[in-house]
Amino acid sequence: MHIVKIIQESVINVLEKLYHQPFHATDFQINQTKAEFEGDYTVVLFSLLKKTKLAPAKLGEDIGQALLVSQPQIYASCNIINGFLNFTIADEFWLDYLTKNSSIAKPGKQEANGKKVMVEYASPNTNKPLHLGHLRNIFLGWSIAEILKYSGYQVLKGCIVNDRGIHICKSMIAWQKFANGATPQSTGIKGDHFVGEYYVKFNDEYKKQVNEGLAKGLDKETAEKNAPILLEAQDMLLQWEAGDTEVKTLWNKMNGWVYEGFDVTYKKLGSDFDRMYYESNTYLLGKEIVQQGINKNVFFKKEDGSVWIDLEKEGLGEKLVLRKDGTSVYITQDIGLAQQRYDEEKIDRCIYVIGDEQNYHMKVLQEIAKHMGLPYADDIYHLSYGMVELPGGRMKSREGTVVDADDIIDEMENVARTKTEELGKVKDFTTAELENLYHIIGVGALKFFLLRVDPKKKMIFNPEESIDFHGFTGPFIQFNHARIKSILRKNEIDETVKPSGSFLPLEKELVVLLERFGTTVAQANEEMNPAALAIYIYQLSKTFSSFYNEHSIACAETTEKKQLRLMLSRATANTIKAGMNLLGIDVPERM
RNA sequence: GGUCCGGUAGCUCAGCUGGAUAGAGCAUCAGCCUUCUAAGCUGAGGGUCAUUGGUUCGAAUCCAAUCCGGAUCACCA
């Protein structure tokens with residue numbers, strides 16, 4: 001059991017015995033004691049004063065003395081300053097924690113809880129390559145999936161590919177018009193980038209035609225709606241829906257190029273999926289489900305034949321789910337997919353990793369699921385994350401201000417290469433080992449950079465400054481792991497010797513932090529927030545770094561000290577590795 | 001206009017279920033490698049926590065109003 005929980009329970013116990021009334025965990029707070037005071041954990045007494053009708057000094061004295069007497073194996077000493085009751089936890093407790101956990105590779109991992117959850121993430125369109133925003137999504141999705149697994153869930157990673165619609169038709173039209181049969185193979189361009197180029201070409205041509213229309217005296221709206229190339233794209237979409245062979249063949253071919261490109265990128269990121277869903281399949285299912293919903297009075301039909309749901313009561317207005325011509329809209333496929341997932345997988349929860357620009361859409365989807373009576377409707381969770389912006393504002397593909405995913409990955413690996421060569425610490429590595437190391441460090445820097453910020457908040461990426469390798473970064477943490485591993489290779493831990501003795505301040509700081517890992521994972525799980533973990537791992541690494549500089553491990557004052565420090569080191573390395581893996585980041589043995 | 005989110009050091013971010021003197025990194029400055037990996041360590045400077053009022057023993061944190069920025073409110077996806 002975690003120390004905070006232990007303190008909580010024993011304080012409640014003592015309070016009830018002393019004052020003969022019920023107390024709850026929410027009646028008082030337990031914090032880590034501030035560095036400037038003596039102690040490890042602090043019970044804040046203020047909130048208990050009214051209920052007990054006592055002065056803080058007296059109350060603190062009562063609780064403190066009772067615990068020192070009843071549980072000396074946990075509470076070594078205490079002091080009361082103002083309304084703060086500071087406990088020093090017995091060395092025995094920390095030594096015991098270390099002995100039991102320092103060799104465990106995945107400390108605090110939970111037993112299976114029998115619950116099944118799907119994490120839907122990535123969900124790209126197939127008309128252009130991935131950019132930095134997608135990376136935030138992918139890293140978040142992966143990390144949340146790992147955190148859920150660690151917390152005992154069975155996890156399925158799902159991806160809905162938006163493979164049909166006007167966007168891909170635009171690329172297709174442009175390819176027909178301008179490519180002269182060029183392919184990724186003939187040009188040597190990665191498939192997703194290749195198709196993206198034609199999406200850009202479409203927009204260029206479209207803009208040109210709109211301007212021509214304006215020059216001919218058309219008003220803006222007419223010029224925009226009637227540009228010939230746009231009409232062609234819309235026409236192509238109709239042909240696609242009608243199942244036109246030629247269009248479908250081209251569609252398959254171009255999507256295929258995109259998938260080949262995506263696969264390369266996913267592989268570099270170490271990202272994969274257990275279930276792939278394609279909009280070209282799910283949109284039809286969505287229509288069916290809506291039809292069934294009409295019969296159940298979840299949806300209603302208007303005179304013109306369009307189908308709606310009334311969410312006025314929920315404050316979301318009326319929402320269209322099927323057009324008057326019977327074709328599906330964006331949300332229709334999500335309705336179908338939500339049902340399909342339940343039917344096929346019987347999931348208990350579904351986590352949608354989707355940008356905060358779709359908050360309204362996701363609220364509507366959840367309400368629809370509730371109205372349809374989907375068993376897990378209440379457990380649909382929108383992991384809403386903020387956009388990645390540049391110093392000048394949002395990334396816009398039309399203005400060429402997107403940070404391409406493949407480019408940034410390459411850049412990070414190159415920086416890793418340059419820095420590693422400058423430091424010259426791994427001269428005996430083979431070429432393959434070096435490539436692997438650059439990859440681990442470069443991608444690690446990128447992932448950590450995107451995951452260390454609270455997902456809910458938008459974040460700014462400055463390409464000028466790029467991503468640092470010093471301080472609060474992935475490489476700093478990886479470096480500390482490698483450094484510990486180096487020590488552990490040179491110094492053996494004698495498993496038969498129980499560590500003993502007292503802790504110096506930095507040793508204590510380390511062990512207290514190590515003990516907090518489990519609660520931090522739990523917090524990241526509850527809040528759906530990998531950043532909480534990232535911050536924790538950094539704090540742990542930083543503390544280790546100070547400890548390392550302050551005290552010698554290999555040449556400790558006594559053999560007991562050496563044993564204790566080696567165990568602290570091993571536990572730190574294991575915790576760093578487990579934590580980083582929960583962020584989807586690998587850590588090297590040497591760097 | 002309705003709804004929602006945000007505003008903390010020069011920059012990027014923690015802290016926000018109220019608690020002790022508001023913390024990190026980067027950048028700036030000063031020290032530290034003949035000892036376990038210096039991608040490091042130690043120290044210094046840097047803040048009207050957007051503003052104003054309220055709640056209370058106590059507010060960056062909760063409430064209200066205001067100012068600023070953003071998202072969204074499509075028979076687009």
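Proteins get letters first, then strands, A, B, ... in listed order; numbering begins at 1 in each. The model shown is predicted, which means the values in this text are computed figures rather than measured ones. Quick note: numbers below take in every heavy atom, side chains included, and nothing from hydrogens, waters or symmetry partners.
- Comparing B:A74 with B:U52, their C1' atoms are spaced 39 Å from each other, to the whole Å.
- In this structure, A:Arg483 satisfies the cation-pi test against A:Tyr548, with its NZ or CZ atom closer than 6.0 Å to the six-membered ring centre and inside 45 degrees of the ring normal.
- Across all strands shown, A:Arg590 has heavy atoms under 4.0 Å from base atoms, whether or not it also approaches the sugar-phosphate.
- Looking at heavy-atom distances under 4.0 Å, A:Val329 makes contact with sugar-phosphate atoms alone, never a base.
- A:Thr42 comes within 4.0 angstrom of a base, heavy atoms only.
- Here A:Arg483 reaches the OP1 or OP2 of B:A38: one of its side-chain N or O atoms lies under 4.0 Å away.
- Taking every side-chain heavy atom of A:Tyr330 into account, B:A77 is the closest of B:A20, B:C26, B:A77.
- Residue contacts for A:Leu423: at a heavy-atom cut-off of 4.0 Å it reaches a base atom on one of the strands shown.
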For RNA chain B, the dot-bracket notation using Watson-Crick and G-U wobble pairs below 3.5 Å, [ ] for pseudoknot-type crossings and | for other-strand pairs, is ((((((((.[[[[.)...(...]]]].(((((.......))))).....[[[[[..)....]]]]])))))))....

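- Nucleic acid contact for A:Thr420: base, since at least one base atom lies under 4.0 Å from a heavy atom of the residue.
- Base contact: A:Ile441 has a heavy atom under 4.0 Å from a base atom.
- Taking atom CG of A:Asn529 as the reference point, atom C1' of B:A14 lies 11 Å away to the nearest angstrom.
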Going 5' to 3' along nucleotides 28-33 of chain B, which nucleotides have protein heavy atoms under 4.0 Å from the base (write B), which only from the sugar-phosphate (write S), and which from neither (write -)?
------

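- A:Lys425 comes within 4.0 angstrom of a nucleotide base, judged by non-hydrogen atoms across all strands.
- A:Lys319 has its NZ atom 20 Å from the P atom of B:G2, to the nearest Å.
- B:C62 and B:U17 have their P atoms separated by 6 Å, given to the nearest Å.
- If you measure from atom CG of A:Asp356 to atom P of B:U3, you get 19 Å, rounded to the nearest angstrom.
- Residues A:Ser306 and A:Phe37 each lie close to RNA chain B; by heavy-atom proximity, the contact nearer the 5' end of the strand is made by A:Phe37.
- No cation-pi contact links A:Arg452 to A:Tyr538, judged by a cut-off of 6.0 Å to the six-membered ring centre and 45° from its axis.
- Where A:Arg323 and A:Glu357 meet RNA chain B, the nucleotide closest to each residue was compared, and A:Glu357 sits on the side nearer the 5' end.
- For B:C4, the O4'-C1' to base torsion is more than 90° from 0; the nucleotide is therefore anti.
- Classification of the A:Tyr536-A:Phe517 ring pair by plane angle, with boundaries at 30° and 60°, yields tilted.
- Within the 4.0 angstrom heavy-atom criterion, base atoms lie near A:His551.
- Remark: ring of A:Phe476 does not overlap the six-membered base ring of B:G40 in a stacked fashion, as centroids less than 5.5 Å apart with planes less than 30° apart are not both met.
- Distance A:Ile467 CD1 to B:C11 C1': 16 Å, rounded to the nearest Å.
- Nearest heavy-atom pair, A:Leu568 versus A:Thr572, reported as atom, atom and distance to 0.1 Å: O-OG1, 2.7 Å.
- Less than 4.0 Å separates RNA chain B from at least one heavy atom of each of the following residues of residues 536-549 of chain A: A:Tyr538, A:Lys542, A:Ser545, A:Ser546, A:Tyr548, A:Asn549.
- B:C57 and B:C49 have their P atoms separated by 23 Å, with the value rounded to a whole Å.
- Checking side-chain atoms of A:His481 against main-chain N and O of A:Pro588 turns up a donor-acceptor pair under 3.5 Å.
- Looking at heavy-atom distances under 4.0 Å, A:Phe472 makes contact with sugar-phosphate atoms alone, never a base.
- No contact: A:Asn359 has no heavy atom under 4.0 Å from any strand.
- Within the nucleic acid shown, A:Ser47 comes within 4.0 Å of at least one base atom, counting heavy atoms only.
- Within 4.0 Å (heavy atoms only), A:Ile553 reaches at least one base atom of the nucleic acid.
- Using a 4.0 Å heavy-atom criterion, one finds that A:Glu279 contacts the sugar-phosphate atoms exclusively.
- Partner of A:Arg417 under the salt bridge (Lys or Arg N to Asp or Glu O under 4.0 Å) criterion, out of A:Glu435, A:Glu422, A:Glu411: A:Glu435 alone.
- For B:C75, its base sits under 3.5 Å from the side chain of A:Asp304 at one donor and acceptor pair at least.
- Under 3.5 Å, the side chain of A:Asn86 and the base of B:A20 form at least one donor-acceptor pair of N or O atoms.
- A distance of 6.0 Å or more separates the ring centres of A:Phe46 and A:Phe28.
- Residue contacts shown for A:Met387 are absent, as no nucleic acid heavy atom lies under 4.0 Å away.
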